[in-house]
Amino acid sequence: MKIIFGLIALGIVVIIHELGHFFAAKLCGVDVESFSVGWGPVFLRKKWHGTEYRLSVLPLGGYCGMKGENAYRTALEEKLDYIPEEEGGFYSVHPLKRVIIGAAGPVANLILAFIILTIVGMGDYTYYSWGNKIIPVSETDNGVHYPAYLAGLQEGDKIISLDGKTISNFSEIQMYISTRAEETIKVVYERDGQILKTEMTPLLDKKTGAGKIGVYPFIPLEVGSVKKGSSAETAGIRAGDKIIAVNGEEVSNYMDLADILQTKPEQLTFTVQHETVQAQHTVTMLYRNDGTVETGMDWNPLTVTIPGADFPGCIGKGFTRTIGMVSLTFKSLGLLFRGIDLTEAVSGPVRVTVMLGEAASADFTGFLELMAIICVSLFLMNLLPIPVLDGGIILVALVEFFSKKQLKPSVLYKIQIVGAVFIAFIFIFALFGDIRYLIK
């Protein structure tokens, strides 16, 4: 079901893209010979108003076939130095009309992202996080200390603001830091009631392209729930218990417990406080196949609710978030040239489909936001001035417009070959990454 959800979502994004080209072509006087939902063998077709509408076997988006798209090839075969004009042909309309047709697909994706984010902004959005107290990683990573440690942050410090932006939970720290790798950030924090200031520069995570400063959330050992039938429940631990010691060793947060769990103990004796009463409970530790431990206890997270806006407000919110996503995605493209691990950071169609499916099954709001991110990514990627992509079509049209002469079929052919090779390389690279992902 996750894969089906993912395919449907990805298909919608691509179909909207092709519909942008479709309506722009009709508007600009270019005949659309075919419009297909899906790829591969056609099992249902209907011709209407000069366009053959198709339903194809493979549910992987679709395509919009315009008259004369490959006219340069015919001209090349006939050894012509120009592309003959034909009524309703793609290369027969004014170059600026071709710019509109090329840009319409990406713009349609951007409009879809705006609509999605506007809808998301209408309703309340709830997520779970931890407080804004942190624990710096004091150890070194390959001989380099983490930025938070170098900035003098200590266990229990509370982050109040980053570059003047108020911080209220750990997720906000993550979101802010992740987009600012190798940028100096001003930090205001609280320690023992005293307000302090410092600066730090997040490291660039080569695997994800995100910024990191080396901090864990300070998670108090307050039991939020106990798994039914678990050893913790059998031992008598209840929701609301506060763990103050493990095997007689005082603990204050989850990282203290995690250090003890690294020794893979068979049993642990928890000293807990429930209201004014203290008690000890011995719990048997269970280990999953991947080596992680199952304590039977879940901690008490912070519930964060972002209230929805009224209709005018959610439109403004959707617009602001769309612009923010465009800026962030554009910034992320620049990271591709800064030495990150492309096999980890770049996702192919398989991983995108799986991510969409997982998001759809987990949280509808998260699913919509991921769709918006993919729409924005397609908007920017397709506008890159690379042959075969929409940006390449736009570039060629602009060259012809400013030079006031048509490019020769042989030149167009060579441009298309270069673009096809480049896209094939990217596709194979992404597919290789997907295969690695599936093997893992």
Side-chain angles (χ1 to χ4, degrees), residues 14-42 44-56 58 60-109 378-379 381-424 427:
V14 176
I15 288 298
I16 292 298
H17 179 96
E18 295 303 325
L19 280 173
H21 291 312
F22 174 85
F23 287 115
K26 291 278 190 180
L27 183 67
C28 293
V30 174
D31 294 338
V32 179
E33 296 179 330
S34 60
F35 186 87
S36 176
V37 175
W39 285 83
V42 179
L44 189 63
R45 64 183 77 211
K46 174 70 176 177
K47 194 161 187 175
W48 186 61
H49 286 215
T51 302
E52 184 178 87
Y53 297 91
R54 302 169 180 174
L55 200 58
S56 302
L58 300 176
L60 300 173
Y63 57 86
C64 176
M66 287 174 272
K67 183 178 180 179
E69 278 185 294
N70 296 314
Y72 66 90
R73 292 183 183 176
T74 304
L76 192 63
E77 290 169 0
E78 296 177 1
K79 299 181 179 179
L80 300 176
D81 286 337
Y82 62 94
I83 300 174
E85 289 192 5
E86 55 179 337
E87 187 177 353
F90 180 73
Y91 284 101
S92 299
V93 299
H94 192 278
L96 290 183
K97 288 187 176 181
R98 275 184 275 148
V99 171
I100 293 171
I101 295 170
V107 169
N109 284 137
L378 284 176
F379 165 72
M381 289 296 293
N382 274 285
L383 287 180
L384 293 177
I386 298 171
V388 179
L389 294 181
D390 297 325
I393 294 172
I394 293 169
L395 179 63
V396 168
L398 288 175
V399 168
E400 291 187 355
F401 174 72
F402 287 110
S403 65
K404 300 189 183 301
K405 61 181 180 179
Q406 190 184 75
L407 292 181
K408 292 183 179 181
S410 58
V411 174
L412 285 173
Y413 178 73
K414 290 174 183 177
I415 290 173
Q416 295 294 326
I417 289 295
V418 171
V421 170
F422 179 81
I423 295 300
F427 180 79

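To the nearest 0.5 angstrom, Gln406 atom CD is 8.0 Å from Ser92 atom OG. Put simply, OG on Ser56 and CZ on Arg45 are 8.0 Å apart, with the number rounded to the nearest 0.5 Å. Between the OH atom in Tyr53 and the OG atom in Ser36 there is a gap of 12.5 Å [rounded to 0.5 Å]. Atom CG of residue Leu395 and atom CG of residue Leu383 lie 12.0 Å apart, to the nearest 0.5 angstrom. With rounding to the nearest 0.5 angstrom, the CD1 atom of Ile394 is 10.5 Å from the CD1 atom of Ile100. One distance of note links NZ of Lys46 with CG of Leu55; it measures 14.5 Å at 0.5 Å rounding.
Residues Leu76 and Ser410 have side chains in contact (heavy-atom distance under 4.5 Å, counting atoms from C-beta outward). By the 4.5 Å heavy-atom criterion applied to side chains, Phe402 and Pro95 are not counted as neighbours. Using a 4.5 Å heavy-atom threshold, the side chains of Phe35 and Leu19 count as touching. Inter-residue side-chain proximity for Phe90 and Ile101 is flagged as met; some heavy-atom pair is nearer than 4.5 Å.
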As a quick check of understanding, evaluate side-chain contact (heavy atoms from CB on, under 4.5 Å) for Val93 and Cys28, giving each step before the final call. CA-CA 8 Å; Val93 299; Cys28 293; 5.6 Å; no
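Residues that satisfy the salt bridge (charged side-chain N to carboxylate O under 4.0 Å, His left out) test with Arg73, not counting sequence neighbours, are absent from this structure.
Within the structure, side-chain hydrogen bond (donor to acceptor under 3.5 Å, both in side chains) pairs that include any residue of residues 412-421 do not occur (at least two apart or interchain). Applying the side-chain hydrogen bond (donor to acceptor under 3.5 Å, both in side chains) definition to pairs two or more places apart or across chains, those involving residues 16-27 are His17-His21, His17-Asn109, His17-Asp390, His21-Asp390, Lys26-Thr51.
Glu86 CD: more than 12 foreign heavy atoms inside a 6.0 Å radius.
Relative orientation of the Tyr72 and Tyr91 rings is perpendicular, given thresholds of 30° and 60° on the angle between their planes.
Across Ala397 and Val99, no two heavy atoms sit closer than the pair CB-CG2, 3.7 Å. The heavy-atom pair separating Glu69 from Cys64 by the smallest distance is OE1-O, 3.9 Å. Between Ala71 and Ile83, the shortest heavy-atom contact is CB-CG2, 3.7 Å. Contact detail for Gly20 and Ala104: the closest heavy-atom pair is O-CB, 3.1 Å. Considering every non-hydrogen atom in both Gly38 and Tyr63, the closest pair reads O-CE2, 3.8 Å. Residues Val42 and Leu44 approach most closely at CG1-O, 3.4 Å, considering heavy atoms.
A donor-acceptor pair is defined here as one N or O able to donate and one able to accept, closer than 3.5 Å; such a pair exists between the side chain of Lys67 and the backbone of Glu87.
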